[in-house]
Asks: 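Please find one structure pasted underneath; my questions will follow.
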Amino acid sequence: MTNGNKRNVVIKGTGHAVPTRVLSNFDLEKMVDTSDEWIRTRTGILRRRIADEHTATSDLATEAGRLALEDGGVSPEQLDLIIVATITPDMFFPATSCLVQKNLGAWGAACYDLSAGCSGLIYGLDMAMHSITSGAYNRALIIGADCLSKITNFQDRTTCVLFGDGAGACLVEGADRAGVLASYLGADGRGWEKLLIRAGGSRHPASPATLEAGWHYIEMCGNDVFKFAVRIMVEASLKVLADAGLEPEDIDLFIPHQANIRIIESAAHRLKLKDTQVYVNVDEYGNTSAASIGIALDEAARSGRIKGGDRVLLVGFGAGLTWGAMIIEWVDKDND
Ligand code: COA
């Protein structure tokens, strides 16, 4: 949808948090039959951050959210809504967003979690935008946060080299001018088995047998996800560009989900984007799932890579299968 003529939303603040512990490709060489060379050339990843045994998703989410509030100059009590996008909640229930609310002291906020895999932050931003433009809410904190290391089999070289932990947050507020120029979400449940955790839910409750089978770990059809990712990132980006009446060259910064440098480069090439338009940090963090786009957005904003008036294109894909894209006109907070 386009969002040019009615009440809109702007991103008032961003934040991110990652664990301090670094797991390098060389560390992984000692754990599974892999090599730094294979991981670098096939994925572009050099290292990733891994949460320790005392750290859960809500801890990283809280820190990212706190920084976003600080960045936007908003106190926790002023929040109306907290959405946490995650596939690694602290526990089945209560929602991780309720734990974040407790940690922040955001007593006036309604809270829910959202499961859209690595598309989660864009799903959350889109939901918050509609909640705010409807007039029901005015300020929302959207946090994409995951600790994929907690659901990764570190004996499976086809998955364990890809993932890392982190959280990225956006503080979103109602405004009378265009902030979100276009937004688009999609899903195709026929691809549910391409990326999943098979057990632990109501289909296959956790049991000694599911544990024995390793059904509590991520399973993935890597090649199928790769092809889907390139196709859908291009399609979703072209859709929001068309909705906003923009061309790829009008985009100042393209922030794709950071899963694999080859996926990012293929999509950027098909969109005819220059290297200077594309944000990449997959080398540092690996695939942090719902956190990835939020971490990149916060890094880009804080380093001055995004300035007031810039048009930023976010695009993600993930388990579900799901996808989402959004074009944001950036607000310079200092001149707001
Ligand atoms: N180290 C060394 N060799 C590995 C390896 C590793 N970590 N992982 C797989 N291999 C091997 C495979 O066993 C295979 O060996 P074979 O040819 O003897 O069977 C070979 O490398 C090639 O495997 P393949 O799966 O074809 O590699 P690829 O180039 O497709 O890269 C992925 C694999 C997973 C990196 C890639 O498919 C990918 O990034 N997919 C998308 C994943 C993703 O984004 N998931 C999250 C979505 S949100």
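Just so you know, these numbers use all the heavy atoms, side chains as well, and skip hydrogens, waters and symmetry mates. We count ligands from 1, going down the list as the structure has it; atoms in each ligand are counted the same way.
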Asks: If you count the atoms of ligand 1 from 1 in the order shown, which ones are under 4.0 Å from a heavy atom of Phe317?
Replies: 47 (C), 48 (S)

Asks: Side chain of Asp283, backbone of Leu46: donor and acceptor closer than 3.5 Å?
Replies: no

Asks: Ligand 1 versus Leu195, non-hydrogen atoms closer than 4.0 Å: side chain, backbone, both, neither?
Replies: side chain

Asks: Any idea which part of Asn260 is under 4.0 Å from ligand 1, heavy-atom wise: side chain, backbone, both or neither?
Replies: side chain

Asks: Mark up the atoms of ligand 1 that fall under 4.0 Å of a heavy atom belonging to Thr43, in ascending order.
Replies: 35 (C)

Asks: For atom 43 (C) of ligand 1, which protein heavy atom lies nearest, and how many Å away is it?
Replies: Val225 CG1, 3.8 Å

Asks: Only heavy atoms count here, so choose which of Arg157, Glu37, Met220, Arg42 is nearest to atom 34 (C) of ligand 1.
Replies: Met220

Asks: Compare all side-chain heavy atoms of Ile11 with those of Ile328 and state whether any distance is below 4.5 angstrom.
Replies: yes

Asks: Does Asp90 offer a backbone N or O that forms a donor-acceptor pair with the side chain of Thr96 under 3.5 Å?
Replies: yes

Asks: Among all protein heavy atoms in this structure, tell me which lies nearest to atom 9 (C) of ligand 1, with the distance rounded to 0.1 Å.
Replies: Trp38 CZ2, 3.5 Å

Asks: If we only count N/O pairs under 3.5 Å, is Gly222 in contact with ligand 1?
Replies: yes

Asks: Might you check, step by step, whether the distance between atom 45 (N) of ligand 1 and some protein heavy atom is under 4.0 Å?
Replies: yes

Asks: Give me the nearest non-hydrogen protein atom to atom 36 (C) of ligand 1 as residue plus atom name, then the distance to 0.1 Å.
Replies: Phe226 CD1, 3.9 Å

Asks: Once you restrict to heavy atoms under 4.0 Å, what part of Thr34 touches ligand 1? Side chain, backbone, both or neither.
Replies: both

Asks: Is there a continuous path of hydrophobic side-chain contacts, each under 4.5 Å between heavy atoms, that joins Val278 to Ile45?
Replies: yes

Asks: Number the atoms of ligand 1 from 1 as they appear, then name those within less than 4.0 Å of a heavy atom of Arg262, with their elements.
Replies: 29 (O), 31 (O)

Asks: Under a 3.5 Å distance rule, please check whether Asp36 uses its side chain to pair with a backbone N or O of Phe26 as donor and acceptor.
Replies: no

Asks: Keeping Ser58 on the side-chain end and Val100 on the backbone end, is there a donor-acceptor pair under 3.5 Å?
Replies: no

Asks: Check whether the side chains of Ser183 and Asp126 place a donor and an acceptor atom closer than 3.5 Å, and report yes or no.
Replies: yes

Asks: Would you say Asp165's side chain and Ser149's backbone share a donor-acceptor pair under 3.5 angstrom?
Replies: yes

Asks: Using distance alone, determine whether Ser35 and ligand 1 share an N or O pair under 3.5 Å.
Replies: no

Asks: Taking the side chain as every heavy atom from C-beta outward, state whether Val9 and Met129 have any pair of such atoms under 4.5 Å apart.
Replies: yes

Asks: Using a 3.5 Å distance criterion without hydrogens, assess whether the side chain of Thr86 forms a donor-acceptor pair with backbone atoms of Ala145.
Replies: yes

Asks: Is there at least one protein heavy-atom neighbour under 4.0 Å from atom 30 (O) of ligand 1?
Replies: yes

Asks: For ligand 1, which atoms have a heavy atom of Cys118 less than 4.0 angstrom away?
Replies: 48 (S)

Asks: Under 4.0 Å from atom 18 (O) of ligand 1, do we find at least one protein heavy atom?
Replies: no

Asks: For atom 7 (N) of ligand 1, decide whether some protein heavy-atom distance is shorter than 4.0 Å.
Replies: yes

Asks: Can you list the atoms of ligand 1 that are under 4.0 Å from a heavy atom of Ala259?
Replies: 44 (O)

Asks: Would you say that Gln258 contacts Val280 through its side chain, given a criterion of any heavy-atom pair below 4.5 Å between the two side chains?
Replies: yes

Asks: Need the ligand 1 atom indices (1-based, order shown) with element for anything under 4.0 Å from a heavy-atom of Val161.
Replies: 7 (N)

Asks: Backbone, side chain, both or neither: what part of Asn287 comes under 4.0 angstrom of ligand 1, heavy atoms only?
Replies: side chain

Asks: If the test is side-chain contact (heavy atoms from CB on, under 4.5 Å), which one of Val180, Leu314, Ile251 qualifies with Ile327?
Replies: Ile251

